[in-house]
Amino acid sequence: MAQEKYDVIVIGGGPGGYVAAIRCAQLGLKTACVEGRETLGGTCLNVGCIPSKALLHASHQLHEAEHNFAAMGLKGKAPSVDWKQMLAYKDDVVGQNTKGIEFLFKKNKVDWIKGWASIPAAGEVKVGTDYYYTKNIVLASGSEPASIPGVEIDEKVVVSSTGALSLAKVPRSMVVIGAGVIGLEMGSVYARLGTRVTVVEFLDHITPGMDAEVQKGLQRILKKQGLTFVLGAAVQSVDAKKTKATVHYKLRKDESEASVDADVVLVATGRKPFTEGLGLDALGLEMTKRGQVASKNGQTSVPGIWAIGDVTEGPMLAHKAEDEGMMVAEKIAGQAGHVNYDVIPGVIYTTPEVASVGKTEAELKEAGTAYKVGKFSFMGNGRAKAVFQGEGFVKILADKQTDRILGVHIIGPAAGELIHEACVAMEFGAAAEDLARTCHAHPTFSEAVREAALACGDGAIHA
Ligand code: NAD
C-alpha cells in the first residue's frame, strides 16, 4: 500500500489539472496528478477541442477543394472522403497531444497516479486501495455532457460530442439539439462532409451570450453553408430506433408540435460538472445550485482544497481552466496568483471563425455604459478576399468618453487568433486609438482589427 506524501495532488489531468500540476512542480512543490483515463489531457485533448479541430480542418480542406479550387485554377476531381482514414488522422493528432502531456509530466517530475481518486478527508486522496497524503488538493475533475429530459444518449444513434467524434460512418442526415459551440462546430463538420444538418435550438437565436450582431451574422453564413435552423423550439423527446431517430419539439411561439427525422442526433445542450465518486458530500464542500464546487479565486469552502475549470463556476473553457490552474499553483506556492475574468476570449472554430472578448452591446446597454462602435468588414481586407473569406467583420466597442476598449467581436478568417490582439490591449487598459496608431503589417487579417479601431475615431481607411 503506497503512502506517499505530497505538497499538491491534482485530481484530473485535463487542461486545468495538467497545467496546475506542471506549474506547481515548476514552483518547487512535490506534485502528483491523478487521472483515470488511459491518456492525459482530459476532455479537451481526448474527446473535445483537439479532435474536433482535426475534423474541422479536414472537412474544411474538402470544402476548399469542392468550392474554391477550380476558381484558383486547380483542376481535377474533388477528393472523396475516406472516413476511416479521417478518423485515424484525428486519433493520431489526439495521440501526439496526449503523449506530449505525459512527456511534460516526466520533464517536470509530476507523478501521474493512474486511477480514479476519492477524497476521504482534506489532505488525503485514495486511488484504488492506495492512500496518498498531501497539503493541498486541487479539484480539476472537469465536466460531462448534460442531456435533457426525454433524451437518452446511446453514443450510436443519439450521441454526445464524444460519440459525434467517432461515428461509424458519415450520416446522411443529422439533427443537432442546441445551437451552442459544440452544435455549430460539429454541425459544420458534418455539413461539409455532405450530411443534411438541422439545428434545433430553444432560444430565438444561436450562440447564447454572444453579441447579437455576431449571432445573426454567423447564422446567415452557416445557413448559406447548408445548415438548417429551427429556432425557438424546445426539444421534448427523441425516439431512437436502431439506425434512425425522430426528434420531437414544440415551437415556443404557438406551442405547436413538430418532428424531424435523422440518422444521427447530436445532443449539444451543455455540460455539467463531473464530481462522481469523489466523495465531496462527506467533505461538506459548499456547492452551487448548478452542482458546481463553489470557489473564490480557486479556494473552496474547505481549507487546503482548491477547485478549477469546469467543475467550478465560470465559463466551461479549456483556457479559463488553464489560467485558474496557474493561479492556484501560484497561490499554493505563496505567490499572488490571479485570473482576470473580464478578459477571457471565446472562440467558435467554424469557417469563418467567431471570436469575442469583453462586453457585448447588450451588456453595455444594460449597465448604462455610454459606448461607441467601430466596425470594419472583411470585404475591405485584401488578404481575406484573396482566400475567399471576405465575409464577416471586426467590431470594437469602446467607452464613449475615454475610448477604452470594452469589448471586441469578430466573425472572420483566423478570428480566434486575431482576438488576442484585443485581449492584450484590454489587459493593458488600451484605448481604441492605441490599436489604431499601432503599425500593422500589410497584407494581414489583423489590419481589419486596426481598421475597426480607426472606425472608433475619425474613420477606417478602406471602408
Ligand atoms: P452551450 O451551452 O454552448 O449550448 C447549448 C444550447 O442548447 C443552448 O443554446 C441552449 O439554448 C440549447 N438547448 C438547451 N436545451 C434545449 C432543448 N430542450 N431544445 C433545444 N435546444 C436546447 O453548450 P454546448 O455547445 O453543449 O457546449 C458545452 C460547453 O462546452 C460550453 O460551455 C462550451 O463553451 C464548451 N465548448 C467550448 C468550445 C470552444 O470554446 N470552441 C467548443 C466546444 C465546447
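The structure presented is a predicted model; accordingly, all values stated were derived computationally and were not measured. In listed order, ligands and their atoms are each counted from 1.
Using a 4.5 Å heavy-atom cutoff, the side chains of Y249 and E257 are not in contact.
Every pair passing side-chain hydrogen bond (donor to acceptor under 3.5 Å, both in side chains) that includes a residue from residues 196-205 is listed here, sequence neighbours excluded: H205-Q215.
Remark: the T350 side chain and the S188 side chain contain no N/O donor-acceptor pair separated by less than 3.5 Å. Y18 and E35 are not linked by any side-chain donor-acceptor pair at a separation below 3.5 angstrom, with hydrogens and angles left out of the test.
Taking the side chain to side chain donor-acceptor pair (under 3.5 Å) definition, one finds that H319 meets it with nothing, sequence neighbours left out.
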Residues 234-242, side-chain donor-acceptor partners within the protein, below 3.5 Å, at least two apart:
residue: Q236; atom: NE2; partner: A234; partner atom: O; Å: 3.0
residue: D239; atom: OD2; partner: H248; partner atom: NE2; Å: 3.0

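Listed as neighbours of ligand 1 are I148, I177, G178, G180, V181, I182, E185, V200, E201, F202, L203, P208, A233, A234, V235, A268, T269, G270, R271, M316, L317, V347, Y349, each bearing a heavy atom under 4.0 Å from the ligand.
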